[in-house]
Amino acid sequence: MNPFFKADDHPWEELGDGIKRKIVGYTDELMAVHLNFDKGAIGYVHAHEIHDQIGYVISGSFEAEVDGKKQVLKAGDAYIARKHLMHGAVALEQDSILLDMFSPAREDFLK
């Protein structure tokens, strides 16, 4: 894997329902992913069996939920969801972008 990520060199991967992503980079133990949300797009509440996750707001804003608690997050804010904690987010603005970080890496994203 290239040790550098230049956003303009990587196209967005359409995931559907108003969400697209770019994998920034990964090792066996760590992964970073840009996620772009249309206004109102939903990252449905879910939990991970083996992945801890941090979602850092790059731009726009989200209503984030972690373990049943909700907060509005804006650029520079983040949520932390340890494995087994239910979490999700709804974009409040067009082109809201999260940088999701996972440990270990999400092998399912690489298939």
Side-chain angles (χ1 to χ4, degrees):
M1 161 165 242
N2 188 335
F4 300 100
F5 172 80
K6 299 189 81 174
D8 290 342
D9 294 343
H10 299 271
W12 288 103
E13 175 188 356
E14 294 286 344
L15 301 178
D17 298 324
I19 302 173
K20 51 192 175 185
R21 75 175 168 213
K22 292 182 185 188
I23 296 174
V24 174
Y26 60 93
T27 66
D28 290 342
E29 297 302 317
L30 181 65
M31 175 178 267
V33 180
H34 280 160
L35 291 159
N36 181 302
F37 287 69
D38 290 343
K39 183 177 182 177
I42 301 170
Y44 289 98
V45 174
H46 64 285
H48 302 283
E49 288 297 312
I50 63 169
H51 299 100
D52 289 333
Q53 178 178 345
I54 297 173
Y56 176 84
V57 181
I58 300 285
S59 62
S61 59
F62 293 85
E63 180 183 71
E65 179 176 343
V66 178
D67 199 24
K69 298 176 187 85
K70 293 182 180 181
Q71 290 216 2
V72 172
L73 303 178
K74 60 180 180 24
D77 297 339
Y79 67 85
I80 296 98
R82 295 188 56 83
K83 61 182 145 249
H84 306 295
L85 282 184
M86 298 296 288
H87 61 283
V90 177
L92 303 176
E93 299 175 52
Q94 183 63 30
D95 293 322
S96 290
I97 297 178
L98 282 176
L99 176 65
D100 275 352
M101 293 157 279
F102 299 97
S103 177
R106 295 283 307 265
E107 291 182 18
D108 55 319
F109 285 11
L110 302 174
K111 297 178 181 179

Donor-acceptor contact present, side-chain [X] to main-chain [Y], <3.5 Å:
X      : Y     : result
Lys70  : Glu63 : no
Lys22  : His10 : yes
Ser103 : Leu30 : no

Identify the two heavy atoms, one from [X] and one from [Y], that lie closest to each other, and give their separation to 0.1 Å.
X      : Y      : result
Ser61  : Glu93  : OG-OE2, 2.7 Å
Val90  : Gly40  : CG1-O, 4.1 Å
Asp28  : Pro104 : O-CB, 3.5 Å
Ala91  : Phe37  : CB-CB, 3.4 Å
Lys74  : Val57  : O-CB, 3.4 Å
Leu110 : Met31  : CD2-CE, 3.8 Å

Taking 4.0 angstrom as the limit, do Lys6 and Asp8 come out as a salt bridge?
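Salt bridge between Lys6 and Asp8, a charged N being under 4.0 Å from a carboxylate O: no.
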
Only pairs at least two apart or in different chains count here, so list each side-chain hydrogen bond (donor to acceptor under 3.5 Å, both in side chains) that has a residue in residues 39-57.
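Listed once each, the pairs are His46-His48, His46-His87, His48-Gln53, His48-His87, Gln53-Tyr79, Gln53-His87, Gln53-Asp100.
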
Would you say that more than 12 heavy atoms from the other residues, nucleotides or ligands in this model lie under 6.0 Å from the [atom1] of [X], or not?
X     : atom1 : result
Asp9  : CG    : yes
Gln94 : CD    : yes
Asp17 : CG    : no

Let me check something: do [X] and [Y] share a hydrophobic cluster, defined by ILVMFWY side-chain heavy atoms less than 4.5 Å apart, either directly or through other members?
X     : Y     : answer
Phe5  : Ile54 : yes
Ile19 : Leu92 : no
Phe62 : Leu15 : yes

With a 6.0 Å cut-off on the ring centroids, do Phe109 and Tyr26 count as close?
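Distance test on ring centres: not under 6.0 Å, no.
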
State the [atom1]-[atom2] distance between [X] and [Y], to the nearest 0.5 angstrom.
X     : Y     : atom1 : atom2 : value
Asn36 : Glu13 : CG    : CD    : 13.0 Å
Asp67 : Arg82 : CG    : CZ    : 12.0 Å
Ile58 : Ser96 : CD1   : OG    : 11.5 Å
Leu35 : Lys20 : CG    : NZ    : 11.5 Å

May I have the step-by-step check of side chain to side chain contact (heavy atoms under 4.5 Å, CB included) for Ile80 and Leu85, ending in yes or no?
CA-CA 9 Å; Ile80 296 98; Leu85 282 184; over 6 Å; no

